[in-house]
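Encoded as structure tokens, the structure appears first; notes follow it.
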Amino acid sequence: MMTSYLFRTLDAKAGVFIAILLAVILLVPALNILIAPDNFFHVPNYAVTLMGKYLTYALLALSVDLVWGFCGILSLGHGAFFALGGYAMGMYLMRQIGTRGVYGDPTLPDFMVFLNWQELPWYWYGFDMAWFAFLMVMIAPGILAFVFGWFAFRSRVTGVYLSIITQALTYALLLAFFRNDMGFGGNNGLTDFKDILGFDIQASSTRAGLFVASGLALLVCFLICRYVTKSKLGKVLVAVRDAESRTRFLGYRVEYYKLFVWVLSAMMAGIAGALYVPQVGIINPGEFAPANSIEVVIWVAVGGRGTLIGAVLGAVLVNFAKTWFTAALPDVWLFALGALFVVVTLFLPKGILGTIGDGWTALRQRRVSSNAQAGGGKPPKTPPTSPAAAANVDPQPAE
Amino acid sequence: MSRQNTLLYLDGVSVSFDGFRAINDLSMVITHGEMRAIIGPNGAGKTTMMDIITGKTRPDSGEVFFNGVVDLTAEDEASIAELGIGRKFQKPTVFESHTVWDNLELALKAPRGPFATLFHMISGAEKTRIEDLLTLIRLGDKRDELAANLSHGQKQWLEIGMLLAQDPKLLLVDEPAAGMTDAETMETAELLKDIAKTHSVVVVEHDMTFIRALGVKVTCLAEGSVLAEGSLDHVSADERVIEVYLGR
Ligand SMILES: Nc1ncnc2c1ncn2[C@@H]1O[C@H](COP(=O)(O)OP(=O)(O)O)[C@@H](O)[C@H]1O
Ligand SMILES: [Mg+2]
């Protein structure tokens, strides 16, 4: 029932997106491993990791679009959920090092030995087990989001005020994680990872595996977001975005809806962070920097808010540009990013994807009307967009 | 009148905004199945009264009871809507980026929790109900149109449709004919009379021909309390009503 519903909600655009994503997931590792390094089509190792990193950014952008684009919650603190997922993964990777650390302690990570700690803090328990750590990747950001959202949404904090406290949240965590006695490696964070699930983290096959995992995580989360936003719940979210108090007078408990989508989104951001860390090889408090979270919002705005695909597109494009700029013209990047944001806000308020979508619709309408004027051709088929029209095609609702 | 047999019971309700008494010792009773028209000058507190009934504004003092037993001052907007009080706003508020169909689907009486809506599949009965409503509010050919693209009058009707979709016991309708042509105003009056056969309705309106067409008991509010109450002829003959509202 659910799957058939999911597939019915997939339109052409989503189909193309999924096809491209699948192709990337298959081709990049294949061209990396199967093609000889001197061949033109070979994808070098560094590029696999770089693109894998883009995919995790894309997932982070997707999670921001879910709350901002569909429910109007402008989060300027999603970097916090991303970093928490990253730390959960980092803790697992630290425990994997075992006796191979500089001090050779079987349980204590190097930084704890360095701080003269005698035993593992309680919140590090369990992180030697992959299943537990991977669960924490979602649960830790989920719990933080739940507690934060519970208070913020129940007190009806909205708009700019909410955005500001999300910034405060990530900033507070930044300061906290900088402290050595927090037990997360302080300033230096967690690094010097050796292996993941028994595979050497530096090996190109592991890199390819992480790339595939990032791609699949993005795909699965995209399908979940798609299902959520096309469901009746998704319609309630858009109603909340456009007229929050009206939605309340219809009997919907707006705070529960926000909480649901907020926690879901935070978990996705956590997964993104967890896949990011093994690929870049480090997690430190810098990931909590408020500017990071703001940058994510720019990716989404550039790609097209409320389109899901646009968020992915924006994240990849902006980060590609960032990679290029920081290598070629490092001083210019921040100005370029600022200019990009201004240009998009002023001239492409719907972002790249929204603008393309509008152009496409306009073009098709023009073609339809010119067809009608010429009197030739068969009348354009109107797509069965309404549920009622869909019902005519498919009178038996799928079970 | 004893509170027990009433649908809506307001007693001694007052509310101030920054020291200004918008509602001042207001008492009013609506019985089961009744339709009531509310008139009164701008700023009389008509909309504020609806805000109080629907949980948007908390009264400083006084009692507000629904069905004789439910204390509305202790409930929030969502639970008051769930109790069966629907509201149409003075300024038509529909969900602009949803289609007419989706607006009605969202309003339709159904479980309101997030998990219920996440897994909700629209049923045949629900589709029929929406079709019926579309016919009733004459937006059948606009079902796929975004609500943003409707005319002012059509938005008013869509909002009335959404109100009916909720299937409330009591409908609070704030200035439904505002911005409508004379013909549309009369149609709206007919529609409301139809609705009143099966629901209790409180309707605020300025248009006297509209009020006359409804032919129901009228309450005139002024400065936050009841000035006069009774048939339209009785109320419009009242000296004070003429002075503060009808003019001359
Ligand atoms: N939330 C509010 N804050 C401050 N003043 C308000 C508020 N709501 C209503 N008022 C004031 O209360 C008075 C009654 O307003 P209202 O109920 O809208 O009148 P009506 O609907 O009868 O025209 C007005 O003077 C208005 O300015
Ligand atoms: Mg008013």
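Remember, it's a predicted structure, so these values are computed and weren't measured experimentally. Order of the sequence lines sets the chain letters (A, B, ...), proteins ahead of strands, with each chain counted from 1.
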Would you please test A/F260 and B/L118 for side-chain contact (heavy atoms from CB on, under 4.5 Å) and show each step?
CA-CA 10 Å; A/F260 171 82; B/L118 181 60; 3.7 Å; yes
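- Contact check on B/D76 versus A/R248 returns no salt bridge, with no Lys/Arg side-chain nitrogen under 4.0 Å from an Asp/Glu carboxylate oxygen.
- For chain A, no part of B/A116 is nearby; none of its heavy atoms comes within less than 4.5 Å.
- Residue A/Y252 touches chain B through both its backbone and its side chain, counting heavy-atom pairs closer than 4.5 Å.
- At a threshold of 4.5 Å between non-hydrogen side-chain atoms, the residues B/F95 and A/T247 count as touching.
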Note to self: Using side-chain contact (heavy atoms from CB on, under 4.5 Å), reason through B/F119 and A/L233 one step at a time and then give a plain yes or no.
What the structure shows: CA-CA 8 Å; B/F119 301 115; A/L233 177 137; over 6 Å; no
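- Considering CZ of A/F249 and CG of B/L172, their distance stands at 10.0 Å, rounded to 0.5 Å.
- Counting heavy atoms of neighbouring residues, nucleotides and ligands inside a 6.0 Å radius, atom CZ of A/F347 does not exceed 12 of them.
- Of the charged side-chain nitrogens involved, at least one lies within less than 4.0 Å of a carboxylate oxygen, so that A/R156 and B/E77 count as a salt-bridged pair.
- Inter-residue side-chain proximity for B/S97 and A/V238 is flagged as met; some heavy-atom pair is nearer than 4.5 Å.
- Within the 4.5 angstrom heavy-atom criterion, no atom of B/T99 approaches chain A.
- For the atom pair A/L237 CG and B/T117 OG1, the distance stands at 8.0 Å (nearest 0.5 Å).
- Ranked by heavy-atom pairs under 4.5 Å with chain A, the first of B/E96, B/E82, B/M162, B/R112 is B/R112.
- Under a 4.0 Å N-O distance rule, the pair B/E105/A/K235 qualifies as a salt bridge.
- Taking every heavy atom of both residues into account, A/A239 and B/L106 meet most closely at CB-CD1, 4.0 Å.
- Taken from OG in A/S231 to NE2 in B/H120, the straight-line distance is 10.0 Å, to the nearest 0.5 Å.
- When each of B/R87, B/K109, B/H98, B/Q166 is scored by its heavy-atom pairs under 4.5 Å with chain A, the top score falls to B/H98.
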